[in-house]
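A quick note: this is a predicted structure, and the numbers were derived from the prediction, not measured. Quick note on labels: first sequence line is chain A, next is B, and so on, each numbered from 1.
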Amino acid sequence: MHNNIILAGVGGQGILSIAAVIDLAAIHSGLTIKQAEVHGMSQRGGAVQSHLRIADRTIHSDLIPSGQADLILSVEPMEALRYLPWLRPGGMIVTSTDPVKNIPDYPDEQELRKALEATRNHLLIDALQLSRKAGSTRTSNMVMLGAAAAWTGLAPDTLEHGIRELFQRKGEDIVNMNIAAFRSGQAVQEQL
Amino acid sequence: MSHHLLLGAEAIGAAALDAGISGVYAYPGTPSTEITEFIQRTPEAKHNSVRSSWSANEKTALEAALGMSFAGKRSLCCMKHVGLNVAADAFINAAITGVRGGLVIAVADDPSMHSSQNEQDSRIYGKFAMVPVIEPATQQELYDTTITAFQLSEELRLPVLLRLTTRLSHSRAGITLQEPRQQNPLDPEPDPNRFVLIPSNARRQYQHLLELQPELHRRSETSPLNHLIDGPGTTGVIAFGIAHNYVMETRTTYGLSLPVLKIGQYPLPEEMIRAFITRFDTVLIAEEGYPVAEEYLRGIDGNPKLRGRLDGTLPRSGELNTDLIAQALGLDHRDTTPVPGIVTDRPPELCKGCGHRDMFDALNAAMKGQPDHQVFSDIGCYTLGALEPFSAIHTCVDMGAAITMAKGAADAGMQPAVAVIGDSTFTHSGMTGLLDCVNDQNAVTIIIADNDTTAMTGGQDSSATGRLQQICRGLGVQEQHIRTLVPLKKNHDDNIRALREEFDHNGVSIVIFHRECIETAARKAKQQHKGTHKK
């Protein structure tokens, strides 16, 4: 088994929490992982990504070579498109449709939707609405992880185990809210 | 033995603790900060009294680490690549004095300049100082060789330079940890003369360093970090540090049995490299950073077998990756989807609600109508003031340069000569420049953007929180020209007025814009909330 995932978003949107859950699930499954992050200045509201590689054998490069990502999981629609050169032919894009417009020249949303729909395999998720239903818009990253779970190469229950492990310090309520968010994303994908 | 998921930087911190350090000395800098932060939050470090608070700058850090080594104990010193410029005096001379307790200097280079003003290669400093350089390829190697680097340092009685790069530092992997070793006992240098670098001692010590060089070479020839992954064919690759990962990824992806010579310890193992090059018609040299080894191996008459960054086979600048290695080896380029044209850049920006925003608004307004409009600035979050919508600052060169460049410009006649520097950058390298201004009675207005923290690297403690006025007074700035303002919208007009008054002062003015970093404030509030929750 080997799976390459690009996590994309804007600084402060919580992509490193998604990475942490996948990391924990992968370790729990006895797999090898490498996860490259962005730290420092670019975190301040800029475009951020994380390269996550999971395998049952040695992983050499910390970075995913171009055209070899199995999944782009993005919490922001324009950011999903920024990493298309990394997607393998037939690879999957799962993205939130909720834009972060912190730049003056943010593209037209209709055009953006068209560009996303022009990709071969995509799943567009209204993460904002689903996270509200789960109890807090701060869980939208777990909604997105739920929606993309089928393409991570990891069993959903190991991902839920990862969510419990990551959030347990914050108390049972926070854990349950994030699990609910994860499941709501998963349900949307399963209904397709 | 236990297994943990750690960043490369954290693996160094874990290794240093397991190697029995008694202290870590560092100034924050991307991509090195997390080494020290790991040690600071490890309960065993606190329990064993491992000294770990932040130093004022990289030079004070390295000197303190050398002092701990003089006293017989092991110490780790960490910095980003440009920090080694600041610490260079201590670094070069620590190779002349030598060490006693193991001293490892972890320097994180930033090829492609993700968070830096250049991509200088610290291996050159290692050669300059004539000390061993360790350059691991993986996070596990980082952990294992940090531990052996302390042994190497004590055996050779030399500091050891541990070089890593951004990707290795900021990537997580599973690490198997060893049993921790006890700290060294206090045992100061019995022959302190070797640390007194007056010429008579310095000549002897330098001669000793020169005589040690064959031993350093011998260690490189037998180091497990330098080894051959053999295969058939007429092309070989010499892969240095993390470049090894990209070469091995290419080898696996394309199903090649390409021979690879992996190098991770310097000085270069020349015998090993000579024997390798002889076997092939073409040898690709893959280095992350400057073509340091390539230049040396090519020599003045240029071995025609060699390919690398100097002949355009690989790009001359920027970090490597698997695609570049595959291309350099002439392998098929795989088609990829381009980025759609509607995707626009999303550069970093100052946080919403950040005090620097209000400071720059006031500064821009105050600068209107002034004869000169250029503002000297420095390194920190506030460097983002160079970008739209502020475009408020016009220089950013090196730590502390805002003050001394404003001084030079004032000497040249610029009016007003304005500097913007952060609180942590001021204590890192700005205070001595301020003394120069005071001594020359320069007409400069120095704005200290004081947010009580080292914000850009993630909110580490700042050396002089709450004591900036006192320091400026102590350096000789007149009391009535040390102003403290609060950067808030409601104070906008008052702040403009205050700035203009100080621009008109024919002497040194300090204007402190003081408001806590909103990120730090939020984190503190969260911790407090947690505290009350627990009760």
Side-chain angles (χ1 to χ4, degrees), chain A residues 10-12 19-20 23-24 26-27 32-47 51-52 57-68 76 78-79 81-89 100 102-108 111-112 114-116 118-120 169-171, chain B residues 3 5 7-9 30-31 33-34 110 114-116 137-139 166-174 242 244-253 319 321-323 326 334-352 354 381 383-384 388-389 456-458 533:
Chain A
V10 177
D23 290 348
L24 290 164
I27 287 181
T32 303
I33 62 164
K34 280 213 173 188
Q35 184 223 318
E37 307 176 354
V38 177
H39 293 216
M41 192 190 241
S42 43
Q43 282 175 296
R44 303 264 174 268
H51 285 215
L52 226 159
R57 64 195 92 148
T58 305
I59 302 165
H60 294 292
S61 170
D62 298 270
L63 298 175
I64 301 169
S66 65
Q68 289 192 33
E76 206 280 344
M78 182 176 77
E79 295 308 319
L81 294 170
R82 194 183 300 283
Y83 305 101
L84 278 186
W86 275 268
L87 195 64
R88 73 168 163 77
V100 177
N102 63 349
I103 43 172
D105 52 350
Y106 194 87
D108 178 69
E111 293 296 313
L112 199 56
K114 269 189 219 159
L116 282 164
T119 61
R120 215 166 101 192
R169 288 180 303 125
K170 298 187 174 176
Chain B
H3 200 68
L5 186 66
L7 287 174
T30 313
T33 314
E34 298 82 0
D110 190 19
H114 299 279
S115 274
S116 307
T138 67
Q139 287 77 10
T166 309
R167 297 298 172 185
L168 191 56
S169 181
H170 286 169
S171 177
R172 283 175 206 280
I242 198 170
H244 179 253
N245 301 358
Y246 303 130
V247 172
M248 294 307 284
E249 181 83 22
T250 308
R251 207 175 182 261
T252 311
T253 307
E319 61 181 338
N321 58 46
T322 306
D323 298 324
R334 299 182 175 188
D335 281 342
T336 56
T337 319
V339 181
I342 60 165
V343 175
T344 53
D345 280 351
R346 197 192 298 265
E349 58 172 9
L350 289 170
C351 301
K352 300 274 180 283
C354 170
C381 281
T383 314
L384 293 169
E388 294 286 342
M456 193 173 73
T457 43
H533 198 70

State whether the side chain of [X] and the backbone N or O of [Y] hold a donor-acceptor pair below 3.5 Å, judged by distance alone.
X      : Y     : value
B/E34  : B/A9  : no
B/D110 : B/P31 : no
A/D62  : A/A36 : no

Could you check if a side-chain atom of B/M456 sits within less than 4.5 angstrom of a side-chain atom of B/T383, using non-hydrogen atoms only? no

Do B/H114 and B/T30 make a side-chain contact, defined as non-hydrogen atoms from C-beta onward lying under 4.5 Å apart? no

Apply the test side chain to side chain contact (heavy atoms under 4.5 Å, CB included) to residues B/E349 and B/L384: give CA-CA distance (whole Å), side-chain angles for both, the deciding distance (0.1 Å), then the verdict. CA-CA 6 Å; B/E349 58 172 9; B/L384 293 169; 5.5 Å; no

Does A/D108 have more than 12 heavy atoms from other residues, nucleotides or ligands lying within 6.0 Å of its CG?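 For A/D108, atom CG is crowded (more than 12 foreign heavy atoms under 6.0 Å).
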
Full working for side chain to side chain contact (heavy atoms under 4.5 Å, CB included) between B/T253 and A/Q68: CA-CA 10 Å; B/T253 307; A/Q68 289 192 33; 3.5 Å; yes

Of the listed residues ([options]), which shares the most heavy-atom pairs with chain A below a 4.5 Å separation?
options                        : answer
B/K352, B/H244, B/R251, B/M248 : B/M248
B/D335, B/T250, B/D345         : B/D345
B/V247, B/L5, B/L7             : B/L5

Most chain B-contacting option - heavy-atom pairs closer than 4.5 Å, from [options]:
options                : answer
A/D105, A/I103, A/N102 : A/N102
A/T119, A/V100, A/L87  : A/V100
A/K34, A/R82, A/R88    : A/R82

Counting only heavy atoms closer than 4.5 Å, note whether [X] contacts chain B via side chain, backbone, both or neither.
X      : answer
A/I27  : side chain
A/L112 : both
A/L81  : both

Please classify the contact between [X] and chain A as side chain, backbone, both or neither, with a heavy-atom cut-off of under 4.5 Å.
X      : answer
B/T252 : side chain
B/P338 : backbone
B/S171 : both
B/E388 : neither

Taking side chain to side chain donor-acceptor pair (under 3.5 Å) as the criterion, tell me which of B/N321, B/D323, B/T336 meets it with A/S66. B/D323

